[in-house]
Amino acid sequence: MVKKLKLIDSKGLRMDGRKPDELRPIKIEAGVLKRADGSAYLEWGKNKVMAGVYGPRECHPRHMQNPAKAIVRCRYNMVSFSVDDRKRPGPDRRSTEISKVAGEAFSSVVFGEQFPRTSIDVFIEILQADAGTRCAGITAASVALADAGIPMRDLVAACAFGKVQGKMVLDLDKEEDNYGEADVPLAIIPRTEEIVLLQMDGSLTTKELQQGLKTGIDACKQIYQIQKEALKRRYAVILEEEETTEGDA
Amino acid sequence: MVKKLKLIDSKGLRMDGRKPDELRPIKIEAGVLKRADGSAYLEWGKNKVMAGVYGPRECHPRHMQNPAKAIVRCRYNMVSFSVDDRKRPGPDRRSTEISKVAGEAFSSVVFGEQFPRTSIDVFIEILQADAGTRCAGITAASVALADAGIPMRDLVAACAFGKVQGKMVLDLDKEEDNYGEADVPLAIIPRTEEIVLLQMDGSLTTKELQQGLKTGIDACKQIYQIQKEALKRRYAVILEEEETTEGDA
Amino acid sequence: MVKKLKLIDSKGLRMDGRKPDELRPIKIEAGVLKRADGSAYLEWGKNKVMAGVYGPRECHPRHMQNPAKAIVRCRYNMVSFSVDDRKRPGPDRRSTEISKVAGEAFSSVVFGEQFPRTSIDVFIEILQADAGTRCAGITAASVALADAGIPMRDLVAACAFGKVQGKMVLDLDKEEDNYGEADVPLAIIPRTEEIVLLQMDGSLTTKELQQGLKTGIDACKQIYQIQKEALKRRYAVILEEEETTEGDA
Amino acid sequence: MLEMTEAVHELTRSHILRLAAAGKRGDGRGLEDQRPVSIQKGFVETAEGSARAKLGNTDILVGVKMEIGQPYPDSPDRGVLITNVELTPVASPDFESGPPRPAAIELARVVDRGIRETETVDMEKLCIESGEKVWLLFIDIHVLDYHGNLFDASNYAALAALTNTLVPISSKLGDGKDIPLGVLHYPVSVTVSKIGDILFVDPSLEEDRIADARLTVTTDEDGHVRAMQKGLEGSFTLDEVIRIISLSQKTGKKVRKTILEA
Amino acid sequence: MLEMTEAVHELTRSHILRLAAAGKRGDGRGLEDQRPVSIQKGFVETAEGSARAKLGNTDILVGVKMEIGQPYPDSPDRGVLITNVELTPVASPDFESGPPRPAAIELARVVDRGIRETETVDMEKLCIESGEKVWLLFIDIHVLDYHGNLFDASNYAALAALTNTLVPISSKLGDGKDIPLGVLHYPVSVTVSKIGDILFVDPSLEEDRIADARLTVTTDEDGHVRAMQKGLEGSFTLDEVIRIISLSQKTGKKVRKTILEA
Amino acid sequence: MLEMTEAVHELTRSHILRLAAAGKRGDGRGLEDQRPVSIQKGFVETAEGSARAKLGNTDILVGVKMEIGQPYPDSPDRGVLITNVELTPVASPDFESGPPRPAAIELARVVDRGIRETETVDMEKLCIESGEKVWLLFIDIHVLDYHGNLFDASNYAALAALTNTLVPISSKLGDGKDIPLGVLHYPVSVTVSKIGDILFVDPSLEEDRIADARLTVTTDEDGHVRAMQKGLEGSFTLDEVIRIISLSQKTGKKVRKTILEA
């Protein structure tokens with residue numbers, strides 16, 4: 001018999017002390033990899049994510065080239081030791097699906113028309129997984145895209161919401177995801193509130209969904225601020241490096 | 001101990017009441033799929049087969065193109081739930097072999113010289129399998145080729161014969177195939193009686209084989225009539241549709 | 001408990017009677033395959049190896065072509081029945097690694113600049129394996145390369161040395177390899193003593209290694225003589241064949 | 001060739017949008033109309049359950065097979081549901097032989113989630129011996145003819161096949177009588193595509209090809225949302241999502257009836 | 001490049017047909033002559049049985065390996081026969097590394113059928129423990145040099161290797177003495193190719209390349225037909241098939257003797 | 001494009017050789033200097049052990065996972081070591097998704113040999129039940145950023161991760177307390193590349209790209225050589241090999257200290 005965990009206490013707080021609409025702590029650092037054209041490292045609760053971007057570059061294989069614009073491809077990958085039971089290396093069905101929908105989300109913001117026949121390749125490596133890795137990965141990769149200088153109409157920010165023991169909550173952790181009643185990953189374009197990724201499983205009424213989507217959109221906007229600050233810090237470093245270089249010259 | 005089934009009764013009749021040289025009931029309907037260039041659905045005893053044809057179309061991969069003529073390719077596929085124990089999806093060694101010999105059989109009737117560098121792709125899907133699926137598939141696919149308007153010197157008709165408890169019989173069903181002494185799938189060009197597919201396993205004397213081949217060729221000619229009737233019904237429908245369309249215009 | 005085998009006797013001799021620096025018997029016959037451009041069959045102790053070479057020929061796939069020179073590729077393959085427990089056909093990780101380092105060793109002697117955009121393909125088939133198959137394979141393939149008429153600065157000769165029950169020995173057999181303390185496969189260009197392949201596992205002091213390498217280089221030179229004799233016999237046969245042919249004409 | 005395709009796409013797109021401005025579609029439907037749904041249960045006798053579903057000209061055959069196997073370590077008392085999609089090359093010139101591509105995997109996972117999350121089948125009933133032996137329930141979705149909107153047609157065929165499934169106790173356990181698998185809930189998906197600013201219920205083949213965004217919403221018999229999947233490069237507003245949910249509930253109710261009565 | 005090949009094919013074809021009109025072949029044989037067959041049993045000591053067969057310059061090495069494994073559920077009292085062909089790239093510039101292609105699979109299956117259908121090996125003797133443990137009998141066919149007619153050379157090497165096989169009881173069961181596997185029957189295949197209207201027994205490399213149709217007939221020591229396989233895009237008449245069967249019986253008798261005496 | 005690359009290679013090569021003639025390197029190092037090594041142990045909590053190693057800008061994350069499985073038949077009393085390398089495409093534009101290519105396999109095998117041959121881990125301690133149940137020890141090497149010399153950085157990260165590993169007794173055996181895996185020896189590899197006639201310790205990315213030959217030597221804390229791997233198309237003289245061994249011993253000592261103290 002599985003002992004029923006009490007995930008929400010009598011004060012309405014969650015096991016880690018968060019309020020229902022409170023995010024886990026998020027830290028982002030841009031520009032952490034030297035080889036990739038852009039990169040970002042993110043910690044979100046216990047999630048640790050590395051994202052890197054290459055491109056625009058010549059698209060291989062050639063039959064995938066689009067003469068009208070760059071194609072945006074994404075590879076979401078869980079590292080074998082990022083979960084409790086070792087995951088066999090290589091894509092499984094879950095990561096193939098996530099790669100697909102994440103790539104579609106990025107396509108909606110990238111100005112690909114400027115780079116016909118090229119690819120923009122986004123790599124998301126989940127180094128340590130709690131729940132919410134796809135939202136964490138999309139959030140990090142979006143910063144990496146900006147760090148790579150890819151022209152975009154805006155960043156993409158992502159966050160999940162769901163229902164746990166009858167309560168609508170934001171940003172589920174692993175226990176909440178395992179024992180909760182619904183999980184809804186969401187990604188938006190913060191400036192316009194357009195929804196570019198939406199998945200769901202569980203059970204929700206229309207009203208619950210409507211409420212959850214509103215809270216989720218607000219949370220994505222909070223995350224957007226964290227993304228922008230990471231990029232600001234990155235630009236400051238770049239400026240500094242450039243000045244130093246000029247000083248050297 | 002496997003109980004020995006009595007497959008031929010004292011009157012020389014088989015378990016389903018057929019005479020030794022009697023075919024199972026066969027029904028063919030041409031033009032059942034909308035996307036494929038040609039198609040046919042066939043029921044033959046308990047076999048259910050869907051065949052579809054695409055082409056002539058640009059051949060991929062390019063290195064398979066023949067500058068002198070169209071290549072004819074066949075993919076024979078047993079659907080995972082077409083047999084008692086679920087079959088893993090994808091080609092196994094048996095279906096790879098059948099695809100090869102069936103494709104060769106169709107090549108012998110198609111006028112490929114008219115369409116250099118193209119491929120004609122024949123797909124045989126076994127939806128429900130009793131014995132004799134390769135002959136059923138070839139018979140259906142041949143109608144699908146005609147439905148697709150592929151120029152051919154003739155249809156290909158196919159039927160198996162074999163030996164069951166000492167008796168030469170036509171068109172073995174599953175029990176007969178499992179407990180029989182020989183099985184000989186055969187496909188011919190009915191007009192010329194040329195043999196375009198011939199396989200065999202079991203044990204037969206030359207004389208038995210000679211007799212069996214004659215009966216098999218006759219059976220293929222019966223099947224040829226059923227194929228032609230299916231095509232006639234199909235043309236009638238097409239004509240009707242065209243008249244209706246003209247009436248609309 | 002594994003009974004400890006006595007691999008070196010009181011007189012310093014090995015189980016098969018060899019002295020520490022003595023090679024197993026080696027026989028090489030060049031030109032044994034008709035289809036390959038060059039070939040050699042080798043027996044080395046209980047090892048039986050067939051090597052064949054094709055090329056220079058147009059390199060496929062094209063993206064591997066080097067516009068400046070021929071690429072040399074090697075495929076080392078252990079036949080499924082060459083070992084006690086049947087090996088699954090196809091490359092495993094060990095044979096992939098050996099193929100890579102062997103190919104690199106051959107690259108160091110082949111004059112590839114004369115044949116841009118081509119490939120020279122070396123195939124090593126281990127038909128029966130005792131220990132030392134990679135050295136046996138390289139030794140055979142080198143003769144096959146010469147038999148194919150590929151221009152080279154020299155042959156490559158290969159031999160392993162190692163340490164068994166405290167003694168440095170040459171050319172370990174299977175028992176010695178299994179129970180020994182170190183194994184060092186080595187391949188050289190005999191004329192210059194350049195080392196083109198070197199691998200090692202076990203435990204050796206610098207001094208032991210230095211001594212072993214010297215003995216190994218000497219052994220490679222002995223093997224070089226056997227390689228050259230095989231080629232001489234081969235040329236004699238070719239000359240004879242040519243004379244016969246002229247006689248016929 | 002792709003350039004031509006781009007041009008054709010643009011033409012198709014303007015044609016579809018022109019019609020849609022007048023509330024019409026290429027095949028005569030209104031924007032919120034689903035194509036006719038027909039369900040034929042029990043098409044294949046070798047399967048434990050089967051159904052063929054047509055949604056317009058989209059034609060899908062689903063077979064359910066049951067085998068005995070091991071449970072997952074983290075759910076020792078539950079059967080195992082495995083949903084697989086074959087986009088066979090007979091169904092479309094764009095489908096190729098070989099291992100399933102991302103599109104097939106996404107489709108299989110969305111259908112699977114709809115069935116799984118709605119607890120359509122009582123998976124605990126499929127435990128034979130805790131931690132050792134359970135029923136594996138394979139839902140094999142075989143696409144015969146692709147004319148748009150595979151998500152919904154696959155869902156309908158899969159659900160119908162489950163209602164038609166007999167647990168093969170006699171042949172696989174060797175003892176006892178086959179009993180119906182039974183279905184506890186009826187998850188029904190409805191997919192809506194967006195082209196420009198316009199929503200199209202149950203996209204046709206042409207609409208599928210040029211759609212900007214796609215949202216599949218699976219609801220149960222109580223109208224609760226059980227699964228959603230947004231796809232493609234476009235986006236939806238919050239209001240559009242809410243409207244699509246309501247369209248899904250409305251259309252789903254009709255389809256549920258069709259499946260039940262088939 | 002393919003166009004050149006077409007031209008070369010045409011030239012080769014007319015040359016072969018011109019010779020054949022006079023009853024001759026490129027290598028001096030008559031139309032019904034097989035190339036010399038040589039069999040070397042026991043080539044590989046690491047195999048439970050092995051043989052190298054040469055048919056002209058075609059050179060094939062077969063190793064038989066035996067392991068302990070599980071029987072198929074539908075034949076719990078029988079060993080399992082697995083026949084595999086490796087068309088290694090050393091044997092021909094047309095063979096590539098990688099998983100077996102259709103030609104290798106067809107070849108393996110035809111050789112397998114010949115051996116299986118003739119009940120060459122008493123598979124019931126290979127049961128160790130009913131339903132649990134049986135011998136797996138692997139016939140691995142390794143093509144070293146391809147010069148036409150792999151079907152027959154593979155069959156000869158496989159049959160010879162089986163006659164040479166010792167069941168590895170001592171090493172694999174750990175107890176007891178190795179005993180000969182034993183062979184109950186001697187299925188021998190003979191392949192005849194058709195070019196134009198002419199039949200060629202045991203096609204050479206050149207004949208293989210341009211043949212219109214191919215028929216492999218496997219007969220046993222009683223002259224009964226045990227397996228057949230027609231290949232390629234051409235066709236045979238009924239009379240041709242009957243004639244090929246008789247050619248196979250005649251030639252097969254001689255080969256059987258060679259294998260037995262090797 | 002490759003032609004351009006050739007030209008760039010030649011330019012890089014002459015530049016590197018010109019600097020080297022004066023005992024210098026592009027990044028300011030001397031010929032025998034290793035780049036700075038930094039080790040961060042315990043980076044990933046979901047792994048039984050982990051470490052991130054930087055060697056200059058080369059950045060590698062290693063996770064150790066332990067599972068219960070079966071021993072190999074020929075070593076029933078020993079755990080099983082499995083070393084795997086992922087050259088993920090994020091780490092370099094030259095790495096591609098898909099099954100490991102020869103370079104990744106060579107890298108994994110060289111790191112594995114260093115650890116295995118030095119008996120770094122007491123594999124007999126990892127036997128749970130002779131012949132039945134042992135610990136599988138997975139060393140997963142995940143390359144995040146490739147800037148030259150993966151052999152050494154992988155070795156350092158793997159060794160550091162092993163020193164940091166807890167055997168997950170509580171979660172996997174369900175009973176007892178987790179204990180440190182423990183490390184018996186400290187195999188450290190040092191790689192030296194040869195360009196022209198000059199040896200470069202710890203090749204940078206540029207040096208990796210144009211190197212003629214490469215030798216990796218793994219030594220233990222006693223200075224014994226435990227593994228070697230020569231790579232690339234060039235060659236070494238006997239004297240060069242002996243010199244590289246001595247360079248490896250010297251540099252390895254410093255790195256060993258860094259790993260121990262991390």
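Chain naming here is simple, since letters A, B, ... match the order of the sequence lines and numbering starts at 1 in each. The basis for the numbers below is simple: all heavy atoms, side chains too, and nothing from hydrogens, waters or symmetry mates.
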If you tally heavy-atom pairs under 4.5 Å between each of Ala182(C), Ser108(C), Pro91(C) and chain F, the highest tally belongs to Ser108(C)
Residue pair Glu106(F) / Val101(C), side-chain heavy-atom distance below 4.5 Å: yes
Hey, could you give me the CG/OG distance between Asp220(F) and Ser203(C), rounded to the nearest 0.5 Å? 6.0 Å
Most contacts with chain F, counted as non-hydrogen pairs under 4.5 angstrom, among Asp201(C), Ile189(C), Thr96(C), Ile188(C): Asp201(C)
List the atom of Thr83(F), the atom of Arg93(C), and the distance in Å for their closest heavy-atom pair. O-NH2, 3.4 Å
Is chain F contacted by the side chain of Ile98(C), its backbone, both, or neither, given a heavy-atom distance below 4.5 Å? neither
Ion pair present between Glu97(C) and Arg113(F), side-chain N to carboxylate O less than 4.0 angstrom? yes
Check whether Arg226(F) gets within reach of chain C through its side chain, its backbone, both or neither, counting any heavy atom under 4.5 Å. both
Shortest non-hydrogen contact between Glu117(F) and Gly202(C), atoms and distance: OE1-N, 3.3 Å
Honestly, the part of Val184(C) sitting under 4.5 Å from a heavy atom of chain F is side chain
Strictly distance-based, threshold 3.5 Å: is any side-chain N or O of Lys230(F) a donor or acceptor partner for the main-chain N or O of Val196(C)? yes
Calculate, to the nearest 0.5 Å, the distance between atoms CD and NE2 belonging to Glu208(C) and His224(F) respectively. 7.5 Å
Does some side-chain heavy atom of Met228(F) sit less than 4.5 Å from a side-chain heavy atom of Gln199(C)? no
Salt bridge present between Glu233(F) and Lys69(C) (N-O < 4.0 angstrom): yes
For the atom pair CG (Leu204(C)) and OG1 (Thr219(F)), what is the distance rounded to the nearest 0.5 Å? 13.0 Å
Closest heavy-atom pair and its distance - Lys214(C), Leu238(F): CG-CD2, 3.8 Å
Set out, in order, the CA-CA distance, both residues' side-chain angles and the distance that settles side chain to side chain contact (heavy atoms under 4.5 Å, CB included) for Met200(C) and Thr218(F), then state yes or no. CA-CA 10 Å; Met200(C) 182 250 176; Thr218(F) 304; over 6 Å; no
Contact residues of residues 241-254 of chain F (partner chain C; heavy-atom separation under 4.5 angstrom): Val241(F), Ile242(F), Ile245(F), Gln249(F)
Inspect the surroundings of NZ in Lys46(C) and state if more than 12 heavy atoms from other residues, nucleotides or ligands are less than 6.0 Å away. no
Could you walk me through whether Leu215(F) and Leu198(C) pass side chain to side chain contact (heavy atoms under 4.5 Å, CB included), step by step? CA-CA 8 Å; Leu215(F) 185 60; Leu198(C) 179 62; 4.2 Å; yes
Counting only heavy atoms from other residues, nucleotides and ligands, does the tally under 6.0 Å from CD of Glu240(F) exceed 12? yes
